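One structure below.
These values consider heavy atoms only, across backbone and side chains, with no hydrogens, waters or symmetry-generated copies. Note on naming: letters A, B, ... go to the chains in the order of the sequence lines (proteins, then strands), and numbering restarts at 1 for each one. Bear in mind that the values here come from a model prediction, so they are computed numbers and not experimental data.
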Amino acid sequence: MIRYALFTSSNRLLAFKSQLIIVRYLNQNLSSSLNPKPTRPFPDYSPKKLTIRDSDLVHRIATSIKQRRYESIPRVLIPFQSIFNPSIHLIGVLIEIRHDFSRVCDFFDWVKEPTLEGLCIVVHICVSSRHPKNAHQLVLEYLRKCRSLRSFVEQLVYTYKEWGLNPLVFDIVFQVLVEIGVLDEARKLFHKMLNYGVVISVDSCNFYLSRLAANTSDGVTMVINTISEFKELGVCWNTRSHNIVIHSLCTLKKVKEAENVLSEMELKGCSPDVVSYSTLIEGYCRVGELQRALELIEQMGLKGIKPNLFTYSSIILHLCKQNKVVDAERVFREMMSHDIIPDKIVYTNLIDGFCKLGNLSAAYRLFSEMQKQRLVPDVVIYTTLVCGLCRCGKMVEADKLLHQMLSEGLKPDEVTYTALIDGYGKADETKKAFSLHNRMLQIGLTPNIVTYTALADGLCKKGEVETANELLHEMCGKGLELNICTYNSLINGLCKAGNIEQAVKLMEDMELAGLHSDTITYTTVMDAYCKSREMARAHELLREMLDKGLQPTIVTYNVLMNGFCTLGMLEDGKRLLSWMLDKGVMPNTTTYNSLMKQLSSEHNMKATTEIYRGMCSQGVMPDSNTYNILIKGHSKARNMKEACYFHSEMVEKGFNLRATSYSAFIKGLFKKKKFIEARKLFEEMRQEDLVADKDVYDLFLDLNYKEGNMEVTLELCDEVIEKCLVVENLETHDEKNIASNI
DNA sequence: TTAGGGTTAG
């Protein structure tokens, strides 16, 4: 009883201390509040009175805990196990041991069913003992179980004056509410605490803002409204708060508005920092305005803010996405020269960039460089490489890499398996793709819509559209929804199987399912119409697509160009090229190749060369197809000087001739009596396992026969019988196809 | 609790 009398008399002192702290807190936090409302005081705390017997038991427990410090609580409290009642004894014990934080925690752990008041007291003890993480954990565990928030806050307020006096405790509860996603409750708590004169800290409010931005449909508006409302109530927003606004505006692609926020920050007393700039730079990169992003880096320099790894990473990533990987690596080296240490992520960006360009050797070079920097490859980096190998059709190597991952203890995930499944599907190895799908299920990975799309696409490319359809039907039964890629894959499958009508029907079904045809859908069907000589229908679709506000891509233009060219409508093709150049739509190698292919097949090498020159003047690099077209065309026109020139250039660049180009080239050289060069090429193509056409064999048979090389002649005879009949058939088939398109 | 990475379709 004496102890409780002392407790009551000390209450006045504590109340006084409490008022002082609150006033200090208000001065700090309500400085910007225009009309601070009168606040209500925290209630007085008075614990339940105990009987002499209970009070004695409490004292004995507390004494045991304090005196047997080096023994565990469960051991110390064995004698009290059956008589301890949390609703009677818990608070009393806590009062006695309150200054020994670790014993409070151990004791509280021991208590099986603590009262809410007891929990709140321990939370206060954690905070006042400077162990906010423990407090956070306790609050989180309690609130996650969806118990009554109202009673919890009531108890926390009730116990505050005696046990806490540290407003951080309300910050912690606010943070937990945000963390578990009950943002409305967090807002209510903010207002409730305001009545007591406690303003939730700006850091916690920032946490709230970031979740508000991410979790609500109109995040930015909510964030902006909250900023202005809370500012009136006393929250002094800081740089981090503005960064959240910049980030949410950038997510909505409202980069100009985001930049305005950055410009106005200083007026509000918050200087933009490296995060503000990096966020905005990332925003500009995402909308494709890399130039503005680079200007902002300069602006940072003028303000004395140094770009960091994040700033550079954005630039590097987006250069990679634009296929400017060489430039990206240049920026990467520049970054390193400023002593910024690259991490796994920036290496992944570059490795992925090189993989997507098909430059696997550069990707592996960076992979090994990264490991020399003691960065340990993770699942994402391995998956990037696996995907690069799959794209190049190197399935054996991709499989090896998968096993390397496993041997290093890494667990390939859904993305890794999906990349492999897609690779096998495209390599016409659907059986392997399906066996990988089964393995995913065995090891507990859940195939997702991307996995099924890859499987379906593999089937479609084999012409098995019906099987793909059944598979997707089965997938829908599992609750997965088809997306635009899945539909496009099926539409493409139908088109390639010559069933355009059904493809168009599927486009309509897709609309009914709430998915809208995109540029890829239209381009796919337009390509099918072009290939079936229905240019008018292709044009209709283009019109429809433009009417819907869909922007054609270079692939759309290339589909049209290919349509015009293969149908011999060269004037239309040329007009399309001029139109593209006038409108600033940059043609690519494929665009020029289509025109050159048709012109050269019409033996018009003068016009082919003109197009080639136009291509070079636009800075568009020739590829393997370009060289094959030029060499084949010039050879047929007997322009062997030009053919030889392009051949040496293509060899230098590491490109290879195709069988038909080899044959044409060899025949041209033969006509010019360049037998040594012709023979060298003939040997080269045989070594590459490419089959020359029958005319070429005839030429070498004659040559060797005349030279008396009977052994070689006989060998060639066998070879021509074995290979050429088949090849001739293939060639004839190929020529027929071309003819049918004209 | 503010900034960056890998998988599907033409």
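- Using bins of under 30°, 30° to 60° and over 60° for the plane-to-plane angle, the ring pair Tyr208(A)/Phe174(A) lands in the tilted bin.
- Residue Asp378(A) is in base contact, counting any heavy-atom pair closer than 4.0 Å across all strands shown.
- Residue Asp203(A) is in base contact, counting any heavy-atom pair closer than 4.0 Å across all strands shown.
- As judged by a 4.0 angstrom heavy-atom cut-off over every strand, Gln175(A) is placed among the base-contacting residues.
- With salt bridges taken as basic N to acidic carboxylate O contacts below 4.0 Å, none links Arg187(A) and Asp184(A).
- Across all strands shown, Thr556(A) has heavy atoms under 4.0 Å from base atoms, whether or not it also approaches the sugar-phosphate.
- A heavy-atom distance below 4.5 Å is found between the side chains of Ile246(A) and Met265(A).
- Residue contacts for Thr524(A): at a heavy-atom cut-off of 4.0 Å it reaches the sugar-phosphate backbone alone, with no base atom in range.
- Base contact: Thr519(A) has a heavy atom under 4.0 Å from a base atom.
- Residue Arg292(A) qualifies as enclosed at atom CZ: its count of foreign heavy atoms under 6.0 Å is above 12.
- Looking at residues two or more places apart in sequence or on another chain, you find no salt bridge (Lys or Arg N to Asp or Glu O under 4.0 Å) involving Glu544(A).
- Taking the charged nitrogens against the carboxylate oxygens, Glu329(A) and Arg365(A) do have a contact shorter than 4.0 Å, which makes a salt bridge.
- A salt bridge is absent between Glu429(A) and Lys462(A); no separation between the charged side-chain nitrogens and carboxylate oxygens falls under 4.0 Å.
- At a threshold of 4.0 angstrom between heavy atoms, the contacts of Ile281(A) with the nucleic acid are absent.
- Proximity of Leu389(A) to Met395(A): side-chain heavy atoms (C-beta onward) are nowhere separated by under 4.5 Å.
- Residue Leu455(A) is classed as having no contact, given no heavy-atom separation below 4.0 Å to the nucleic acid.
- Looking at heavy-atom distances under 4.0 Å, Thr239(A) makes no contact with the nucleic acid at all.
- Bracketed by its first and final contacts, the part of DNA chain B lying under 4.0 Å from non-hydrogen atoms of chain A reaches from dT1(B) to dG10(B) in 5' to 3' order.
- Using a 4.0 Å heavy-atom criterion, one finds that Thr523(A) contacts the bases of the nucleic acid, with or without backbone contacts as well.
- Near DNA chain B, meaning a heavy atom under 4.0 Å away, the residues from residues 244-263 of chain A are Ile244(A), His247(A).
- Ring geometry, Phe332(A) versus Tyr347(A): the interplanar angle exceeds 60°, so the pair is classed perpendicular (tilted spans 30 to 60°).
- Residue-level contact check: Val379(A) touches the bases, meaning some heavy atom is under 4.0 Å from a base atom.
- Contact annotation for Asp413(A): base contact, defined as any heavy-atom pair under 4.0 Å involving a base atom.
- Residue Ser241(A) is classed as having no contact, given no heavy-atom separation below 4.0 Å to the nucleic acid.
- Among the heavy atoms of the strands lying under 4.0 Å from Thr384(A) are primed sugar atoms or P, OP1, OP2 only; no base atom is included.
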